[in-house]
Amino acid sequence: MLPRGRPRALGAAALLLLLFLIGFFLFGGDLDYGRPQPRGAAALDGDLPAGYGGHNSSDCDPPRPRPRPPKCELLQVAIVCAGHNSSRDIITLVKSMLFYRKNPLHLHLVTDAVARNILETLFHTWMVPAVWPQVSWIPNKHYSGLYGLMKLVLPGVLPPDLVRVIVLDTDVTFASNIAELWALFAYFSDKQVIGLVENQSDWYFGNLWRNHRPWPALGRGFNTGVILLRLDRLRQAGWEQMWKMTATRELLTLPATSLADQDIFNAVIKEHPWLVQPLPCVWNVQLSDHTLAERCYSEASDLKVIHWNSPKKLRVKNKHVESFRNLYLTFLEYDGNLLRRELFGCPCPLPPGAEQLQRALAQLDEEDACFEFRQQQLTVHRVHITFLPHKPPPSQPHDVTLVAQLSMDRLQMLEALCRHWPGPMSLALYLTDAEAQQFLRFVETSAVLSARQDVAYHVVYREGPFYPINQLRNVALAQALTPYVFLSDIDFLPAYSLYNYLRASIEQLELDGGRKAALVVPAFETLHYRFSFPTSKAELLALLDAGSLHTFRYHEWPRGHAPTDYARWREAQEPYRVQWAADYEPYVVVPRDCPRYDSRFVGFGWNKVAHIMELDAQEYELLVLPEAFIIHLPHAPSLDISRFRSSPTYRDCLQALKDEFHQDLSRSYGAAALKYLTALQQPRGPI
């Protein structure tokens with residue numbers, strides 16, 4: 001990793017502690033460093049053939065044949081990833097690899113706990129053929145949380161039978177087939193164990209500023225953004241003892257390591273230069289603040305890997321930066337669904353669950369009027385949980401998370417929602433890859449949203465013709481961390497006092513004692529875009545009497561909320577119980593482990609109704625809270641509701657889904673589900 005201005009130092013005491021912990025963890029406390037390896041400057045005997053494009057090649061040298069990329073060989077790639085931001089960066093890197101690759105890949109993702117949860121979910125739902133992601137969580141307690149040094153211990157962390165691996169930083173972008181990089185292992189001599197590109201700045205010369213004291217390096221040194229490792233030889237050579245001995249000795253005179261693992265790699269290579277195989281500079285074109293990368297190539301099309309190792313990122317100075325920036329942005333916003341293509345000519349096992357999914361899709365009848373509904377039910381959406389940094393609040397026994405879902409056209413609701421709800425939220429967003437980047441910029445430029453660390457955003461990537469509303473709800477619900485959840489919708493604003501009132505009500509009703517209840521929050525609506533939000537129930541009733549507010553959907557579908565009994569709510573002082581009725585779809589507070597939404601319902605219609613039926617079937621009490629309320633704000637109708645209103649076929653397909661749901665409910669709950677038959681016998685209408 002090249003310097004980012006004056007880099008953050010890794011203290012000597014912290015590094016020494018890390019050396020001890022790594023040795024203890026990997027070798028059971030045996031810290032015998034063994035014999036030092038011999039010195040010598042003759043070590044670069046494995047340089048690439050002249051003319052291949054290495055850092056010492058000359059234009060006058062005769063051309064040598066390039067190594068042929070191995071056909072269908074499984075390529076091993078390791079990436080160290082920690083935290084939310086790196087979890088986003090790694091996706092752009094992987095997209096660029098997948099775009100050009102022609103080989104199956106085994107990804108070894110070495111992560112912290114945060115990145116582990118994110119990446120396991122993402123790769124499980126991405127389902128890319130011929131890619132095997134293996135997420136290895138390295139607990140912070142073993143390595144003091146210093147993931148900048150993890151590449152040093154990969155020989156002990158990766159599977160012991162792994163022989164070769166490509167190691168990548170998360171801030172690199174591929175512009176070529178990674179198999180060409182893998183083929184460079186063929187140039188390693190019998191002694192060489194590490195392949196690196198020369199450092200493309202004067203950092204290790206120590207002349208960038210006054211009192212600049214870099215770690216020792218061989219000449220200009222090497223950059224560790226792209227590494228080829230012969231793991232078998234590293235283990236045999238006693239790599240663990242070798243780098244620890246070197247680091248311990250250098251720390252006697254140097255107070256800190258500035259560039260983390262890169263400093264230690266270079267110090268070891270300085271002492272044992274025969275270990276390194278220099279790689280052509282085009283495999284790690286480094287765009288650092290002090291870069292000399294323009295000396296490496298003549299045309300931007302020559303590049304193989306671009307390394308964005310400057311804090312300025314896309315604003316770095318380079319004569320070809322516009323070309324580099326366009327390549328990066330292409331992969332940043334590229335539709336990851338398009339990379340689910342199979343490798344032709346390389347038969348590989350399908351990802352877990354893919355074979356069953358293919359069989360189910362093959363059984364669908366494309367002539368069926370409801371084919372698109374059936375297909376959408378089987379769609380596996382890519383899911384990127386905690387897309388932005390998230391700090392969950394301290395655990396409290398009666399705490400409540402607001403759960404909702406939205407698409408790009410509802411982003412404007414987020415700031416108002418944050419002002420009304422001071423508690424934790426779990427929100428699922430249905431976005432394209434490009435929209436996800438727009439959303440990121442939207443949050444970063446909002447003072448309200450960027451100040452909230454207790455709001456978890458989960459991106460579900462768009463695919464298919466219908467809005468998968470219940471799958472989105474399930475994603476947000478599954479990521480809620482509090483004991484209770486408030487199942488709301490994004491176009492509702494809660495009363496300013498609702499968060500605290502709900503927590504007090506949960507405690508008062510002793511729901512944590514095992515009582516099975518769903519707390520109903522009465523819903524209202526306004527047709528006015530400019531609206532003075534009531535601060536109390538009394539103010540709300542005044543607006544209701546004045547005609548500025550209405551009970552929710554009173555004019556279109558009163559059945560949906562009539563069982564709440566608004567006349568009784570006006571006078572109520574205590575929570576009261578109501579009975580389930582056909583088409584009832586209130587907004588409720590329930591335990592986090594409540595039944596999930598039925599994902600067969602996509603688009604508009606019956607998505608909440610089915611969930612409330614399930615709650616009732618599981619004998620949840622429906623308790624209306626006397627001081628709680630939410631208000632729906634006006635907005636343009638969604639595409640799905642327009643389809644429902646205009647298409648008889650859409651309504652027929654929804655009816656078919658209702659029939660199937662009731663059959664499944666009957667199989668699950670037997671005779672107790674007979675009362676729900678009335679839900680299918682009511683006149684059709686908007687739901």
Side-chain angles (χ1 to χ4, degrees), residues 82-88 111-121 137-147 384-405 414-429 443-444 446-459 473-488 490 493-519 521 587-594 625 627-628 630:
H84 298 89
N85 294 336
S86 291
S87 300
R88 289 199 310 274
T111 73
D112 63 356
V114 170
R116 178 191 188 187
N117 293 333
I118 295 171
L119 296 178
E120 281 184 339
T121 301
W137 174 41
I138 307 301
N140 283 355
K141 64 182 180 180
H142 293 304
Y143 300 103
S144 303
L146 302 176
Y147 280 82
H384 190 144
I385 61 173
T386 49
F387 187 73
L388 297 178
H390 173 241
K391 294 180 181 178
S395 178
Q396 301 179 39
H398 308 114
D399 208 359
V400 184
T401 295
L402 187 149
V403 171
Q405 38 69 40
L414 290 177
E415 288 190 350
L417 183 59
C418 283
R419 292 189 181 99
H420 279 250
W421 182 270
M425 288 187 273
S426 181
L427 306 176
L429 299 95
V443 173
E444 291 175 341
S446 167
V448 175
L449 300 182
S450 59
R452 292 290 298 270
Q453 297 294 305
D454 57 350
V455 180
Y457 301 101
H458 318 291
V459 174
R473 285 170 169 154
N474 286 339
V475 168
L477 178 55
Q479 298 307 315
L481 301 177
T482 56
Y484 298 90
V485 289
F486 173 35
L487 306 178
S488 186
I490 197 63
L493 289 182
Y496 287 107
S497 60
L498 185 61
Y499 173 60
N500 290 329
Y501 176 65
L502 291 179
R503 292 189 298 169
S505 298
I506 291 169
E507 183 176 13
Q508 175 188 353
L509 294 169
E510 299 181 345
L511 298 189
D512 54 351
R515 184 178 184 183
K516 223 174 183 181
L519 306 183
V521 177
Y587 294 93
V588 296
V589 177
V590 289
R592 182 179 58 191
D593 61 354
C594 68
L625 297 177
E627 299 294 328
I630 54 176

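Side chains are part of it too, since the values below use all heavy atoms of this structure and drop only hydrogens, waters and symmetry mates. One is the number of the first residue; the rest follow in order along the sequence. This one's a predicted model, so the numbers in the text were calculated from it and none came from an experiment.
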State which residues pass side-chain hydrogen bond (donor to acceptor under 3.5 Å, both in side chains) with [X]; sequence neighbours excluded, sorted by chain then number.
X      : result
Gln396 : Arg503
Asn117 : none
His384 : none
Ser426 : His458

query: Measuring from His420:NE2 to Leu498:CG, what's the distance to the nearest 0.5 Å?
result: 11.0 Å
message: Measuring from atom NE2 of His398 to atom CG of Asn500, what distance do you get when rounded to the nearest 0.5 angstrom?
response: 13.5 Å
Decide yes or no for [X] and [Y]: does some side-chain heavy atom of the first lie under 4.5 Å from some side-chain heavy atom of the second?
X      : Y      : value
Arg473 : Val403 : no
Val448 : Leu414 : no
Arg88  : Leu388 : yes
Thr386 : Gln479 : no
Asp399 : Tyr499 : yes
Phe387 : Leu429 : no
Ile118 : Thr111 : no

List the residues meeting side chain to side chain contact (heavy atoms under 4.5 Å, CB included) with [X], not counting sequence neighbours, and say none if there are none.
X      : result
Pro397 : none
Val455 : Cys418, Met425, Leu427, Arg452, Tyr457
Ser450 : none

query: Under the salt bridge (charged side-chain N to carboxylate O under 4.0 Å, His left out) test, which residues partner Arg592, sequence neighbours left out?
result: none
statement: salt bridge (charged side-chain N to carboxylate O under 4.0 Å, His left out) filter on Glu507, not counting sequence neighbours, yields none
Please identify each residue that fulfils ring pair (Phe, Tyr, Trp, His ring centres under 6.0 Å) with [X], with sequence neighbours left out.
X      : result
Tyr484 : none
Tyr501 : none
His390 : none

For a quick test of reading the model, state the closest non-hydrogen atom pair linking [X] to [Y] and the distance between them.
X      : Y      : result
Ile630 : Pro494 : CG2-CA, 3.6 Å
Val485 : Val400 : C-CG1, 3.9 Å
Pro422 : Asp454 : O-OD2, 3.5 Å
Pro591 : Ala517 : CD-O, 4.0 Å
Ser446 : Leu449 : OG-N, 3.1 Å
Ser87  : Gly83  : OG-O, 2.7 Å

- prompt: In a check of side chain to side chain contact (heavy atoms under 4.5 Å, CB included) between Phe486 and each of Leu519, Thr401, Val521, which one passes?
  reply: Val521
message: Does atom CD (Glu510) have a neighbourhood of more than 12 heavy atoms from anything else shown, all under 6.0 Å?
response: no
